Amino acid sequence: GQQLNQSPQSMFIQEGEDVSMNCTSSSIFNTWLWYKQDPGEGPVLLIALYKAGELTSNGRLTAQFGITRKDSFLNISASIPSDVGIYFCAGQRRNYGGSQGNLIFGKGTKLSVKP
Amino acid sequence: DTGVSQDPRHKITKRGQNVTFRCDPISEHNRLYWYRQTLGQGPEFLTYFQNEAQLEKSRLLSDRFSAERPKGSFSTLEIQRTEQGDSAMYLCASSVGGMEETQYFGPGTRLLVL
């Protein structure tokens, strides 16, 4: 199935460093969401973005909905060990009838933090 | 608000057996989605319900798969004659719908077909 282009695939960083990851698509989306998934668990919602250009923060996390509606990025400031996990971007389009459709996910960015 | 729950969390079965998974959405969420996630990949959409109506099915949902949401509350996903390629994490998500829809995921059911 279709997936978004998410990069980087993995990151090894030192505790306290800032992290940046992004997601791109060849087509536009109406909504961008960022999830974090721990091993053996379901994705947990971090940030939802509904408007092009929107910049939203959730604690140390900041995400932006690209102006072209084809991309989004997520920044994590001052990383801590519990930030370890896999981060997924997901895009959503409206159905033909105007309602929101299913999510299309990237392949994830695996974050490892060295204390 | 107890969140989305799924049962069982893990299932090991032999090839050819049938399995059924259950999802209980967040109460008052009228939309319910099923996704499948294989190792190293993001979740992929299988099907979704608005109340009790199944409105969309992905091409990934072969005829061995069937999903129901009989009363618009919990949902079941059945896989008949399981194959080794069915081994994956099966995720359920629910939402209230609307223009600013946000899907909340359950913990998933990990299926291993031997």
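Heavy atoms only: backbone and side chains are in, while hydrogens, waters and symmetry mates are out. Only a predicted model underlies this, so the values are computations on that prediction, with no experimental measurement involved. Naming convention: chains lettered A, B, ... in sequence-line order (proteins, then strands); numbering from 1 in each chain.
- Of all the listed residues (V44(A), I86(A), L45(A)), the one sharing the greatest number of non-hydrogen pairs under 4.5 Å with chain B is L45(A).
- In this structure, the separation between CG on N102(A) and OH on Y33(B) is 7.0 Å, given to the nearest 0.5 Å.
- Counting heavy atoms of neighbouring residues, nucleotides and ligands inside a 6.0 Å radius, atom CD of E52(B) exceeds 12 of them.
- Contact annotation: the side chain of E41(A) never approaches that of M89(B) to less than 4.5 Å [non-hydrogen atoms, C-beta and beyond].
- Both L61(A) and F65(A) are assigned to one and the same hydrophobic cluster, defined by single-linkage of ILVMFWY side chains at heavy-atom distances under 4.5 Å.
- Going from atom CD of Q41(B) over to atom CZ of F105(A) covers 12.5 Å, rounded to the nearest 0.5 Å.
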Distance-only criterion, 3.5 Å: show the donor-acceptor pairs between side-chain atoms of residues 102-114 of chain B and protein atoms not counting sequence neighbours.
from	atom 1	to	atom 2	distance (Å)
T102(B)	OG1	Y50(A)	OH	2.4
Q103(B)	OE1	Y35(B)	OH	2.8
T109(B)	OG1	P8(B)	O	2.5

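- Residues W34(B) and L60(B) share a single hydrophobic cluster, defined by chaining ILVMFWY side chains whose heavy atoms lie under 4.5 Å apart.
- Of the two parts of L33(A), only the side chain, counted from C-beta on, holds a non-hydrogen atom closer than 4.5 Å to a non-hydrogen atom of chain B.
- Atom CZ of R60(A) is surrounded by more than 12 heavy atoms from other residues, nucleotides or ligands within 6.0 Å.
- Nearest heavy atom pair, residue F45(B) against residue L103(A), reads CB-O, 4.4 Å.
- Of the listed residues A48(A), A90(A), C89(A), P43(A), the one with more heavy-atom pairs under 4.5 angstrom with chain B than any other is P43(A).
- Neither the backbone nor the side chain of Q6(A) comes within contact range of chain B; no heavy atoms are under 4.5 Å apart.
- Not counting sequence neighbours, T82(B) has no partner by the side chain to side chain donor-acceptor pair (under 3.5 Å) test.
- Between T31(A) and E101(B), every side-chain heavy-atom pair lies at or beyond the 4.5 Å cut-off.
- Within a 6.0 Å radius of CD in E28(B), no more than 12 heavy atoms belonging to other residues, nucleotides or ligands are found.
- With a 4.5 Å cut-off on non-hydrogen atoms, Q6(B) does not touch chain A at all.
- Counted within 6.0 Å of CD on E78(B), heavy atoms from surrounding residues, nucleotides or ligands total more than 12; the atom is thus considered enclosed.
- Contact detail for L91(B) and G42(A): the closest heavy-atom pair is CD2-CA, 3.8 Å.
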